[in-house]
Colleague: 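Dropping a structure here in structure tokens format, bear with me for questions.
As the structure lists them, so they are numbered: ligands from 1, and atoms in each ligand from 1. Side chains included, hydrogens not; waters and symmetry mates left out as well; all remaining heavy atoms used.
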Amino acid sequence: MTQSVVEAPTATRVALVAPLSGTLLPIEQVPDPVFAEKMVGDGISIDPVSQILLAPCEGEVIQLHPSHHAVTVRTAEGLEVLMHIGLDTVNLRGEGFTPKVKEGDRVQTGDPLIAFDADYIALHAVSLLTQVVITNGDRVAGYFPKAGAVSAVRDIVLELELTHGTVAAPEVEGETLTSGDLIVPNPAGFHARPAAVLTNLAKKYQAKIGLRRGADRANAKSVVALMGMQINRGDTVYLDATGADAAAAIAELSQAIRDGLGEEGATPIAVPPSLSQPEESKPAPRPRSEDPNLVLGVAASPGVAVGYLHRVKSQDIAVDEVGGTPNEEHRKLEQAIAQAQLEVESLRAKVHGQGDPQKAAIFAAHQEILDDPELFEQAGSAIDKGKSAAFAWKQTYTTQAAQLARLDNVLLAERANDVRDVGDRVLRLLTGVTVETITYPEHTILVAEDLTPSDMANLDRDRVVGFATVAGGATSHVAILARSMDIPAIAGAEERMLTVENGTPVILNGSKGRLRLHPSQAEIDQTRQRIQQIVAKREADLAAKDQPAITTDGHRIEVAANIGNLAEAQKSVTLGGEGVGLLRTELVFMERPSPPDQETQARIYGDIATALAGRPLIIRTLDVGGDKPLPYLPMPHEENPFLGERGIRLGFDRPELLRTQLRAVLQAAGQGNVRVMFPMIARLEELRMAKAVLEEERQALGLPAIEVGIMIEIPAAAMMADLFAREVDFFSIGTNDLTQYTLAMDRGHPKLAPMIDALDPSLLRLIDLTVKGASRHGKWVGVCGGMASDPQAVPILVGLGIKELSVSIPTIPSIKAQIRGMSLTACQALAQQAIAAETAAQVRDLSPLSEA
Ligand code: PEP
Ligand code: MG
């Protein structure tokens, strides 16, 4: 690769005349950070009074945006002058604009470029302010903007002094190849999933790869940039690639796009259909209340809270525009991103250990944002232009977040918050500014424009009893976290709540999506009473936590816990846990930079066994792959990781990992009541192979045998349960995966979430089959998936013959209390009705708790 240096022309001044009549405004004052922070380029803005955009100079039209609201002219000196009519006008999709030129046209100063309907745009867009900016600012040494009123063509708006001396010519990296036209077949365009598939494919190649649609171009290795293009079904796109492997990249990626990037329903189409977004991905109209004391929103996290309103303002971190040398600033940025990656990784490992893969997926998404090459490259190029790392980074991520937030697609728009959250994390590391700690008064109900997943992690749960945000919806990551933290919340709430005085008494109903302002004393009393009843029930359950869970007709169920580490084992015992039905050993592996050795693992498992003081401890062997990657275990790209090398399959592929772990488990077994369990078993051969490995290691160590079980989480294993039961000591049903594989619905899919219900009768039939298969050989069955912690499922599971429920730690006392209040005979009758039901909804309606 060579880099040549060429002589730049001697200093020249170039003048741009007014493309419109109107009043000039400094670019910094444009109410849109993309322009005000000069992300697009430096220049000037005009508040127009005329309606035809004219050429401000002589040149060639090099870009006309498909929505006809923006055009770029290149001058003889090579300056690229972008004119952008209005703000957010891309959303008008061409309505109100009539182009007078096309790309490639040569224009003289004053030639018409775009005619527009100012009345229509003023009514339908944020602003009519029109920006004139230079997109290749590296050629400009000085900007001399004018001020005041200007007349189209007659007055100068901006003078530019071009650079002296030498400039670096672009790097020569080989020929750029382009694909043919590709018509996007995906029903909802390039939303997150197909964008991620394309990105992953592109990352296999060294070549620089771009995806183009008309004049838009995005780095094909950046999910954020691809999503930001808002590619719709029927759009014509093409690829360009530069580099040694460009031809192979173009061939593979073109085919993948034609094939719909692995997405079902992406049937190839010849004629582009309407460009409109599919109805279901558009944001639902926001609820508005007629009652001034009632703020409406979307139910984000159930529960009711009474308290006093407190508004949270987001903290703006000030940054210096100029920093040290580009080398120093690049290094600072790299270090801050690396540190942020460690922080996010440890948050992810922590929540995964808490047994909530949906929560872990939130932080996995944050890791992906930190890995995004587009963010890094954009910030890097601002640093090259002399900006400080903090300034460059802040500009880059705020712009990306603003772009995402503007998208029509509600799922993508909600991810803007994640970009902001991750961006803030890196910015704090760069500036040393720590999170402001505010001591809220007791019974605080927070209202905010938006909160981030990190804000949630720092929330003082003793004082904050609920929150409402203007942004977000029920599928936002903040809502998921609120539900798992058991804090009532509403999202998408009316903005006027932000003007309500701090300290105003309010009632927040997270189940109904309502915030009542100034409630009457009677309403407050009534609500408090209801909350107190719930609290009293919780306290009674807690007081009885150590009593066994025996049904009224004398049948005992073991209530154990799902845990990820020693602290959780200890916590489970304090809440009345009768053992550990699932130790997810992933956490032991995830929170380290390399695999833990045998001694380390034996110590960890041994400590947990000791803490359980004789109670059973089921250690599940490593279940990574799927949605749980290990940073130090590079996995080849898989089209369908949930159907790929996860769980025991990976153990067979990396036998040294499995053997080391089994030796550690056998070693720890001396310290308590230890059993081992294999995940993701589908075939008898796999069980036999896993058991053979265990036996080999046991004999080599000369230690006694331990009980062996398997997860029943693949339908094949449930259906063959009678055969598996001959060869194991117990089964534990992983309903999270069993549901996903039975219904063929991704367990983390936000749109499918309402349909992926473990109470689906199909699941109940598989559980029934498993219990029957096990009892034929005198073996017991437990459930360790999320279903075991669902109060509506508990009587049905007991009725189906489940002997052990391994639940999330906080639910131990209430599940035990629930079992003590029911009879096995009633549960059996309920289970028979449930298994005969047609739908999950019908099953839920059978439950005595369905009104709760
Ligand atoms: C399950 O699949 O239900 C289970 C308990 O395992 P995990 O959630 O760790 O996949
Ligand atoms: Mg599982």
Colleague: To the closest 0.5 Å, what do you measure between NZ (Lys803) and CZ (Phe731)?
Modeller: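 These two atoms lie 13.5 Å from each other.
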Colleague: Is there a nitrogen or oxygen of Arg584 sitting under 3.5 Å from a nitrogen or oxygen of ligand 1?
Modeller: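 So ligand 1 has an N or O lying under 3.5 Å from an N or O of Arg584.
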Colleague: Hey, is Asp623 touching ligand 1 through its side chain, its backbone, both or neither, going by heavy atoms under 4.0 Å?
Modeller: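 Side chain only; the backbone of Asp623 stays clear of ligand 1.
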Colleague: Answer yes or no for Asp737: is there an N/O/S atom below the 2.8 Å cut-off from the Mg ion (ligand 2)?
Modeller: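 Yes, since at least one N, O or S atom of Asp737 sits under 2.8 Å from the Mg ion (ligand 2).
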Colleague: Once you restrict to heavy atoms under 4.0 Å, what part of Met787 touches ligand 1? Side chain, backbone, both or neither.
Modeller: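 For Met787, no heavy atom sits under 4.0 Å from ligand 1.
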Colleague: Answer whether the closest heavy-atom distance between the side chains of Thr585 and Tyr605 falls below 4.5 Å.
Modeller: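 Counting from C-beta outward, Thr585 and Tyr605 do come under 4.5 Å.
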Colleague: Say whether, by atom type as modelled, one donor and one acceptor occur between the side chain of Tyr741 and the main chain of Leu643 under 3.5 angstrom.
Modeller: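 A pair under 3.5 Å: no.
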Colleague: Is the shortest distance from a heavy atom of Gln740 to ligand 1 less than 4.0 Å?
Modeller: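 In this structure, Gln740 fails to qualify as a contact of ligand 1 - no heavy atom is under 4.0 Å.
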Colleague: Treating Arg615 as the side-chain partner and Leu612 as the backbone partner, does any N or O pair qualify as donor plus acceptor under 3.5 Å?
Modeller: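 Indeed, once roles are kept as given, a pair shorter than 3.5 Å links the two residues.
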Colleague: Show your reasoning for whether salt bridge (charged side-chain N to carboxylate O under 4.0 Å, His left out) applies to Arg649 and Asp623.
Modeller: CA-CA 9 Å; Arg649 301 169 187 180; Asp623 180 24; over 6 Å; no
Colleague: Taking only non-hydrogen atoms of Met680, do any sit less than 4.0 angstrom from ligand 1?
Modeller: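 No, Met680 has no heavy atoms under 4.0 Å from ligand 1.
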Colleague: So, of the N/O/S atoms that Glu713 has, which is the nearest one to the Mg ion (ligand 2)?
Modeller: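 Result: OE1.
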Colleague: Provide the full list of side-chain hydrogen bond (donor to acceptor under 3.5 Å, both in side chains) pairs with a residue in residues 676-694, sequence neighbours left out, each pair given once.
Modeller: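 Every side-chain hydrogen bond (donor to acceptor under 3.5 Å, both in side chains) pair that includes a residue of residues 676-694, provided the two are not neighbours, is Arg683-Glu685, Arg683-Glu686, Arg688-Glu727.
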Colleague: Using heavy-atom distances only, which candidate in Ile714, Leu582, Thr739, Asn736 approaches atom 3 (O) of ligand 1 most closely?
Modeller: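 Comparing heavy atoms across Ile714, Leu582, Thr739, Asn736, the nearest one to atom 3 (O) of ligand 1 lies in Asn736.
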